[in-house]
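Worksheet: the structure to be examined is printed underneath.
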Protein chains: 2
Amino acid sequence: MPIDGLATQLRKGVIEYCVLAMLKEAPLYGGEVIEILRSKGQILISEGTIYPLLSRMRSEGFVETEWRDTPAGAPRRYYRLSRSGQKAVAEFRDEWFRFRNSVDEIFRDGGGQR
Amino acid sequence: MPIDGLATQLRKGVIEYCVLAMLKEAPLYGGEVIEILRSKGQILISEGTIYPLLSRMRSEGFVETEWRDTPAGAPRRYYRLSRSGQKAVAEFRDEWFRFRNSVDEIFRDGGGQR
DNA sequence: CAAGGAACCTTGCATTGCAAGGCTAATCCG
DNA sequence: CGGATTAGCCTTGCAATGCAAGGTTCCTTG
């Protein structure tokens with residue numbers, strides 16, 4: 001059984017930009033990203049999702065990384081938003097609001113046919 | 001180049017339920033579905049998307065179909081919402097609003113870290 | 001009959017979320 | 001000391017689904 005049935009497909013293509021938006025506030029490491037998203041309720045993700053995603057964003061140049069030691073336990077790789085990442089979030093943000101308004105409209109009245 | 005870059009991934013898993021919601025008003029055929037979605041601006045789809053999708057919904061029992069002749073040209077297959085389709089839309093609708101609120105929140109203030 | 005158009009469908013591909021499992025380093029406990 | 005535990009990171013293989021491109025069928029028009 002998937003992590004959450006219906007919403008799985010909803011997450012596609014949104015998580016990446018959610019993570020970038022979260023990095024606007026402060027650098028985060030993988031476990032922290034998962035934790036914050038879980039606390040949002042509808043965006044549950046697993047490690048198998050987040051680490052490949054973070055790697056992808058790094059190779060696309062949207063984030064820069066840095067290892068930091070911890071007082072106890074394994075070191076953490078922190079992700080920080082790059083300039084091109086900031087630009088990507090801004091563009092996606094506009095796209096998101098347009099898109100979600102269209103969908104809202106359809107669920108409100110069936111699309112106002114014709 | 002895809003039909004619309006950034007939004008392509010957003011569409012995943014949403015289009016199916018948008019179409020079901022549209023069928024609540026009246027039965028539609030494939031070309032009509034595409035036309036209505038295009039008129040919404042942010043939900044551009046192509047035939048290669050809609051026909052496999054309609055077939056899938058039929059085999060899942062969410063829609064029932066019926067051929068109708070046209071005054072001129074090829075006959076059209078009309079899709080009508082089934083009872084289980086109605087139920088599916090209602091469930092997804094709730095899921096959608098929860099999900100979009102979470103995403104909105106993240107883009108509003110970066111996720112209200114911590 | 002040939003040409004054209006509308007509607008439908010299929011094939012192959014790319015993206016991306018996920019489950020499962022593995023690796024490493026530090027700590028805890030006997 | 002040495003095994004078990006924990007936290008953090010990553011990889012592999014799979015499944016869902018949107019898309020482009022191309023093909024088929026049926027009807028009309030010239």
Side-chain angles (χ1 to χ4, degrees), chain A residues 1-20 27-35 37-38 42-60 62-63 65-79 92 99 103, chain B residues 1-20 27-35 37-38 42-60 62-63 65-79 92 99 103:
Chain A
M1 190 64 81
I3 199 170
D4 188 326
L6 272 184
T8 295
Q9 291 302 319
L10 282 181
R11 287 185 264 275
K12 296 227 168 185
V14 181
I15 297 182
E16 174 170 357
Y17 294 94
C18 285
V19 172
L20 288 180
L28 302 171
Y29 67 94
E32 229 170 350
V33 169
I34 293 177
E35 196 188 334
L37 286 173
R38 281 191 196 282
Q42 283 308 298
I43 308 183
L44 305 173
I45 57 176
S46 68
E47 294 190 343
T49 298
I50 208 64
Y51 288 110
L53 187 157
L54 290 169
S55 289
R56 217 183 304 141
M57 298 196 309
R58 188 161 38 127
S59 71
E60 285 167 341
F62 291 160
V63 295
T65 66
E66 171 195 7
W67 284 97
R68 291 191 201 166
D69 284 342
T70 53
R76 299 164 172 168
R77 196 207 287 272
Y78 276 79
Y79 294 81
F92 183 83
F99 174 78
V103 177
Chain B
M1 190 65 82
I3 200 169
D4 189 327
L6 273 184
T8 294
Q9 292 301 321
L10 283 181
R11 288 186 263 277
K12 295 225 169 185
V14 182
I15 296 183
E16 174 170 358
Y17 294 94
C18 285
V19 172
L20 288 180
L28 301 171
Y29 67 93
E32 230 170 349
V33 170
I34 293 177
E35 196 188 335
L37 286 174
R38 279 190 196 281
Q42 283 307 299
I43 309 181
L44 305 173
I45 57 176
S46 68
E47 294 190 342
T49 298
I50 208 65
Y51 288 111
L53 187 156
L54 289 169
S55 289
R56 218 184 305 142
M57 297 196 311
R58 188 161 40 128
S59 71
E60 283 166 344
F62 291 160
V63 296
T65 66
E66 172 195 4
W67 284 97
R68 291 191 202 166
D69 284 342
T70 53
R76 297 164 174 168
R77 196 206 289 271
Y78 275 79
Y79 294 81
F92 183 83
F99 174 78
V103 177

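Lettering follows sequence order; numbering is per chain, from 1.
- Across the protein-nucleic acid pair, B:Asp69 atom CG and D:dT25 atom C1' stand 14 Å apart, rounded to whole Å.
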Protein-nucleotides 21-27 of chain C N/O pairs under 3.5 Å:
none

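- Side-chain proximity of A:Ile15 to the nucleotides C:dC18, C:dA7, D:dA20 is greatest for C:dC18.
- Interatomic distance, OG1 of A:Thr49 versus CG of A:Leu54, reported as 10.5 Å (0.5 Å rounding).
- Separation of atoms OH (B:Tyr17) and CE (B:Met57) is listed at 10.0 Å; rounding is to 0.5 Å.
- The nearest whole Å value for the distance from the CG atom in A:Leu6 to the P atom in D:dA16 is 14 Å.
- In this model, a side-chain donor or acceptor of B:Lys12 finds a partner on the base of C:dT15 within 3.5 Å.
- Atoms CG (B:Leu28) and P (C:dA7) sit 13 Å apart, rounded to a whole Å.
- Regarding contacts with the backbone of D:dG8, a side-chain N or O of A:Arg76 is found under 4.0 angstrom from either OP1 or OP2.
- In this structure, CD1 of A:Ile45 is placed 14 Å from P of D:dC10, rounded to the nearest angstrom.
- Inter-axis angle, ends of the helix from C:dC1-D:dG30 to C:dG30-D:dC1, five pairs per end, rounded to 10 degrees: 10°.
- OP1 or OP2 of D:dG8 sits under 4.0 Å from a side-chain N or O of A:Tyr29.
- Relative to the side chain of B:Arg11, the nucleotides D:dG18, D:dC9, C:dA19 differ in distance, and D:dG18 lies closest.
- Among the heavy atoms of the strands, none lies under 4.0 Å from A:Tyr17.
- With contacts defined as side-chain heavy-atom distances shorter than 4.5 Å, the pair A:Glu16/B:Gln9 does not qualify.
- In this structure, B:Arg77 atom CZ and D:dT24 atom P are separated by 18 Å, rounded to whole Å.
- One can place OH of B:Tyr51 at 4 Å from P of C:dC8, the figure rounded to the nearest angstrom.
- Residues A:Phe92 and A:Leu20 form no side-chain contact, since every pair of their non-hydrogen atoms from C-beta on lies 4.5 Å or further apart.
- Checked by atom type and distance alone, the side chain of B:Arg77 never pairs as donor or acceptor with a backbone atom of B:Thr65 at under 3.5 Å.
- The listed nucleotides are C:dG17, D:dC9, C:dT10; the one nearest the side chain of B:Pro52 is C:dT10.
- Minimum atom distance to the side chain of A:Arg56 is reached by C:dT16, of the listed D:dC10, C:dT16, C:dT10.
- Counting only heavy atoms from C-beta outward, the side chains of B:Phe99 and A:Leu6 never approach each other to under 4.5 Å.
- Contacts of A:Leu53 with the nucleic acid, taken as non-hydrogen atoms under 4.0 Å apart, involve only primed sugar atoms and P, OP1 or OP2.
- Out of C:dC8, C:dA14, D:dC19, the shortest distance to the side chain of B:Thr49 is found at D:dC19.
- In this structure, of D:dT17, D:dC9, D:dC19, it is D:dC19 that holds the atom nearest to the side chain of B:Thr8.
- Rounded to whole Å, the distance from CD on B:Glu35 to P on C:dA6 is 12 Å.
- The CG atom of B:Leu37 lies 10.0 Å from the CZ atom of B:Arg11; values are rounded to the nearest 0.5 Å.
- The minimum heavy-atom distance linking B:Ile45 with B:Ile34 is given by the pair O-CG2, 3.8 Å.
- Within the 4.5 Å cutoff, side-chain heavy atoms of B:Ile50 are placed close to those of B:Val19.
- Going from atom OH of A:Tyr78 over to atom CD of A:Glu66 covers 9.5 Å, rounded to the nearest 0.5 Å.
- Remark: C1' of D:dC10 and CD1 of A:Ile50 are 13 Å apart, rounded to the nearest angstrom.
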